[in-house]
Undergrad: 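For reference, the structure I am asking about is given below.
Throughout, a chain's letter reflects where its sequence line sits, starting with A, and its residues are numbered from 1.
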Number of protein chains: 4
Amino acid sequence: MGSTPQPRRGNTRQRIQDVALGLFAEQGYEKTSLREIAEKLDVTKAALYYHFKTKEDILVSIFEDLNRPVEELIAWGETQPRTLETKTELLHRYSNAMADAAPLFRFMQENQATVRDLSIGDTIKHRVLGLVDLIKEPDAPLTDQVRCFSALFTLHAGMLALRDVEGDPEEKRKAALEVAVELVTRAHDPETPR
Amino acid sequence: MGSTPQPRRGNTRQRIQDVALGLFAEQGYEKTSLREIAEKLDVTKAALYYHFKTKEDILVSIFEDLNRPVEELIAWGETQPRTLETKTELLHRYSNAMADAAPLFRFMQENQATVRDLSIGDTIKHRVLGLVDLIKEPDAPLTDQVRCFSALFTLHAGMLALRDVEGDPEEKRKAALEVAVELVTRAHDPETPR
Amino acid sequence: MGSTPQPRRGNTRQRIQDVALGLFAEQGYEKTSLREIAEKLDVTKAALYYHFKTKEDILVSIFEDLNRPVEELIAWGETQPRTLETKTELLHRYSNAMADAAPLFRFMQENQATVRDLSIGDTIKHRVLGLVDLIKEPDAPLTDQVRCFSALFTLHAGMLALRDVEGDPEEKRKAALEVAVELVTRAHDPETPR
Amino acid sequence: MGSTPQPRRGNTRQRIQDVALGLFAEQGYEKTSLREIAEKLDVTKAALYYHFKTKEDILVSIFEDLNRPVEELIAWGETQPRTLETKTELLHRYSNAMADAAPLFRFMQENQATVRDLSIGDTIKHRVLGLVDLIKEPDAPLTDQVRCFSALFTLHAGMLALRDVEGDPEEKRKAALEVAVELVTRAHDPETPR
DNA sequence: GATGAATGAGGCTTCATTCAT
DNA sequence: GATGAATGAAGCCTCATTCAT
């Protein structure tokens with residue numbers, strides 16, 4: 001005796017999320033089938049449906065779990081004065097949050113068309129706009145708004161597009177952060193020499 | 001003359017491309033079926049196969065047509081001296097090219113996961129890297145490389161992410177261009193004050 | 001006293017039958033899933049299996065409970081002389097039995113295709129034929145046999161098809177009973193003027 | 001050479017309808033799967049979807065084809081004076097129509113729960129009420145309304161419930177028709193001796 | 001007296017693709 | 001230059017049922 005059929009451990013839900021996120025990030029949402037997820041877990045498709053109502057629900061649950069830090073970040077930001085220090089701190093923390101949930105962010109970046117139509121689409125949009133609102137001055141001119149958006153995208157890029165650039169990932173993240181801070185600084189204090 | 005409103009023959013191929021790109025950009029590649037394309041054109045699916053070998057082939061053909069200006073841009077860039085003027089001009093031209101082929105760029109931005117696995121994935125990657133190569137100095141430090149990537153993404157953002165920002169599209173494009181130029185300028189001439 | 005609003009234990013079996021019959025009658029047998037029944041009871045599906053062997057078993061148990069009056073009616077009829085009074089009394093009692101178990105009769109009427117294949121199919125058939133046998137004369141001509149069948153169906157109709165006719169349900173039942181009696185009377189005494 | 005793969009005759013649509021109706025009538029709608037229909041036709045399931053949009057659409061198309069005679073019958077009835085002759089003629093024609101489309105009527109009788117929820121449910125209900133309206137006097141008392149409903153159900157019974165009675169089908173139909181006429185006659189001319 | 005976790009079978013539907021005409 | 005008919009693979013999802021706890 002020894003290994004009975006299967007330990008039937010209570011962590012199946014978590015394992016589904018992990019495997020699913022891995023595949024979603026790697027192949028895309030639509031190209032990942034539930035069959036594939038189930039097989040990788042050595043479970044039947046029906047088992048997935050015991051834990052989640054639909055395929056989309058799997059993604060939503062992953063998103064809700066990993067998204068919490070960002071929500072908290074925004075909530076924190078809203079309690080702070082809109083100083084340059086706060087903004088810089090926001091970028092730092094956001095960069096860290098992204099690094100912690102890298103696969104999810106990669107997924108969202110690479111599957112925008114899909115994500116847009118899913119129920120999380122709005123949430124994401126609100127979140128980005130919320131972050132930008134914390135980073136830009138209320139009546140910032142268009143150019144400064146663009147700087148703030150760019151700062152955020154630069155952080156994303158630090159994680160994604162720079163994969164094709166040689167160098168240590170952590171260093172690339174740092175460099176992206178530096179550029180992002182620079183953009184936000186310039187937007188914060190318009191008098192800086194053009 | 002006497003041109004009745006008959007469906008001008010001979011342009012079906014073009015019409016397929018137009019409709020397909022519209023749907024690909026709007027809904028995503030996988031979520032757009034050939035049935036949908038055919039119905040919108042009031043043609044049968046089989047007709048699509050008369051003009052294109054596969055679904056992917058439709059996309060590839062669109063890409064090849066609309067991508068030519070960018071290829072030419074890179075080719076032109078390679079003949080020019082790597083001055084700031086050249087770089088600025090490259091950004092201008094690239095921004096224009098994007099505006100001319102907006103749906104295609106939107107599609108590529110929002111369907112990265114899909115595009116990556118398709119035959120055009122490599123082409124796109126090479127193209128971006130080629131552009132960055134023209135824009136950055138050969139041995140630029142990491143931070144400057146990031147600036148150059150960011151400049152490019154900023155142009156994309158000017159077209160896409162800024163949709164949720166109020167303002168005239170053309171002005172947004174201009175603003176994005178301004179920020180992009182700024183980033184490249186800074187990367188070009190490191191002595192610029194912090 | 002002291003009866004807190006706790007779910008009275010011990011009556012789960014009954015509650016399952018009630019809810020199941022309600023849903024079976026409302027939606028049909030195949031379109032009602034055990035999940036639905038369980039959810040409406042705020043119990044798990046597995047709980048249903050503690051009380052019943054199979055889905056069909058739930059239906060069978062309902063049928064057996066509610067069908068008893070009809071069995072007794074037939075048994076009673078078999079002890080009576082085959083007079084017109086007896087027949088009339090049978091129709092009255094049958095009509096009452098139907099009113100008491102309306103959802104079950106509705107279910108059987110609207111799910112004949114399903115019921116036929118289930119184990120209760122034969123029982124029902126025998127029961128109807130048994131009733132007709134009590135109501136018609138042994139060697140009645142075909143037309144009179146039809147009258148007897150019609151009498152029975154008229155009672156059913158009084159409960160079901162007449163839902164779309166305005167009027168008090170009880171009055172409709174009475175009217176149906178009157179017509180049924182008339183049909184059986186005519187079958188009983190062939191000399192009645194054509 | 002000789003028999004090529006399959007004649008690919010253009011009657012597939014019709015064949016699907018025939019086979020489907022046969023199975024629907026025999027086993028019920030829900031218990032008949034598209035797989036079963038396809039196999040019986042030696043076609044793939046996907047072929048069914050070339051000809052019909054959904055499973056329900058198959059049924060609807062069958063219904064629409066076979067229902068036409070009844071619609072015409074009602075239309076005809078509405079142009080006639082509401083005499084007893086007209087009513088009798090209506091019953092005759094309706095009985096014939098039922099005999100011509102026996103499987104469909106059997107299906108509708110035995111799958112009421114299913115049919116009710118399908119798009120044809122309302123059509124059927126309207127049709128029955130329309131027929132009754134032609135057969136009963138405008139302000140007929142409840143009992144006479146019941147007689148008219150009963151007349152219709154008797155015709156159905158002549159086709160269905162009487163299967164378990166010995167005798168030639170055609171004779172049974174005649175007998176049912178006779179009883180139905182009798183019921184309508186009685187409803188038409190209330191003075192008839194009770 | 002009931003739950004939590006899972007299964008195996010099968011349901012309907014959609015898709016990209018083919019090919020004879 | 002296109003259609004009509006069909007296919008094979010696969011998709012998501014639901015169901016009745018089981019069983020250890």
Side-chain angles (χ1 to χ4, degrees), chain A residues 4-13 30-38 41-58, chain B residues 7 9-13 30-38 41-58, chain C residues 7 9-13 30-38 41-58, chain D residues 4-13 30-38 41-58:
Chain A
T4 45
Q6 205 57 22
R8 228 115 165 148
R9 14 190 180 20
N11 61 344
T12 301
R13 194 187 143 94
E30 358 254 349
K31 290 213 291 292
T32 300
S33 69
L34 296 187
R35 180 182 51 67
E36 214 172 347
I37 297 174
L41 285 166
D42 208 40
V43 189
T44 55
K45 270 178 293 170
L48 305 184
Y49 279 92
Y50 175 76
H51 293 281
F52 300 94
K53 267 207 312 283
T54 66
K55 182 184 181 184
E56 179 172 350
D57 195 39
I58 298 181
Chain B
R9 299 162 308 108
N11 64 346
T12 299
R13 193 187 144 93
E30 357 255 348
K31 289 213 290 291
T32 300
S33 68
L34 295 187
R35 177 181 54 65
E36 214 173 346
I37 297 174
L41 285 165
D42 212 39
V43 189
T44 49
K45 269 184 294 178
L48 305 184
Y49 279 89
Y50 178 80
H51 292 281
F52 299 96
K53 260 207 324 277
T54 68
K55 182 184 181 184
E56 181 171 350
D57 193 38
I58 298 180
Chain C
R9 300 164 308 111
N11 65 347
T12 299
R13 193 188 145 93
E30 357 255 349
K31 288 213 292 289
T32 300
S33 70
L34 295 187
R35 177 181 55 65
E36 213 173 346
I37 297 173
L41 286 165
D42 213 38
V43 189
T44 49
K45 267 184 296 176
L48 305 184
Y49 279 90
Y50 178 79
H51 292 282
F52 299 96
K53 263 206 323 276
T54 68
K55 182 183 182 185
E56 181 172 349
D57 194 38
I58 298 181
Chain D
T4 46
Q6 207 55 23
R8 227 113 165 146
R9 14 186 180 25
N11 60 344
T12 301
R13 196 189 143 92
E30 358 255 349
K31 290 214 290 290
T32 300
S33 70
L34 295 187
R35 180 182 52 67
E36 213 173 346
I37 297 174
L41 285 164
D42 208 39
V43 188
T44 55
K45 271 179 292 172
L48 305 184
Y49 279 90
Y50 175 76
H51 293 281
F52 299 95
K53 266 208 311 281
T54 67
K55 183 184 181 185
E56 179 171 350
D57 195 38
I58 299 181

Undergrad: With a cut-off of less than 4.0 Å, is there a side-chain N or O of Tyr50(D) near OP1 or OP2 of dA5(F)?
TA: yes

Undergrad: CZ of Phe52(B) to CD1 of Ile37(B): how many Å apart, nearest 0.5 Å?
TA: 9.5 Å

Undergrad: Rounded to the Å, how far apart are Asp42(C) CG and dG1(E) P?
TA: 18 Å

Undergrad: What is the distance, rounded to the nearest whole Å, between atom CG of Leu48(B) and atom C1' of dT18(E)?
TA: 14 Å

Undergrad: Once Watson-Crick and G-U wobble pairs under 3.5 Å are found, how is DNA chain E written in dot-bracket notation, 5' to 3', with | for any base paired to another strand?
TA: .||||||||||||||||||||

Undergrad: Given Tyr50(C) and Thr12(C), is the side chain to side chain contact (heavy atoms under 4.5 Å, CB included) satisfied, shown in steps?
TA: CA-CA 10 Å; Tyr50(C) 178 79; Thr12(C) 299; over 6 Å; no

Undergrad: What's the separation between atom NZ in Lys31(C) and atom CD in Glu30(D), rounded to the nearest 0.5 Å?
TA: 4.5 Å

Undergrad: Any side-chain N or O of His51(D) less than 4.0 Å from the OP1 or OP2 oxygen of dA6(F)?
TA: yes

Undergrad: Quick one: does Lys53(C)'s side chain have a donor or acceptor within less than 3.5 Å of a partner on Ile58(C)'s backbone?
TA: no

Undergrad: For residues Arg13(C) and His51(C), report the shortest heavy-atom separation together with the two atoms involved.
TA: NH1-O, 3.6 Å

Undergrad: So, does Thr12(B) get its side chain near the phosphate of dA2(F), meaning an N or O under 4.0 Å from OP1 or OP2?
TA: yes

Undergrad: Over how many whole Å does the gap from Phe52(B) atom CZ to dT18(E) atom C1' extend?
TA: 18 Å

Undergrad: Please encode protein proximity along nucleotides 9-16 of chain E as a string of B, S and -, counting only heavy-atom distances under 4.0 Å.
TA: -BSBBBBB

Undergrad: Between dA6(F) atom C1' and Arg13(D) atom CZ, what is the distance in whole Å?
TA: 16 Å

Undergrad: Do side-chain atoms of Lys55(A) reach the backbone of Thr32(A) as a donor and acceptor pair under 3.5 angstrom?
TA: yes

Undergrad: Thr44(A) or Ala47(C): which one's nearest nucleotide on DNA chain E is closer to the 5' end?
TA: Ala47(C)

Undergrad: In Å and rounded to the nearest 0.5 Å, what is the OG1 to CG distance from Thr54(A) to Leu34(A)?
TA: 9.0 Å

Undergrad: To check you understand the geometry: which heavy-atom pair defines the closest contact between Ala38(A) and Thr44(A), and what is its length?
TA: CB-C, 3.8 Å

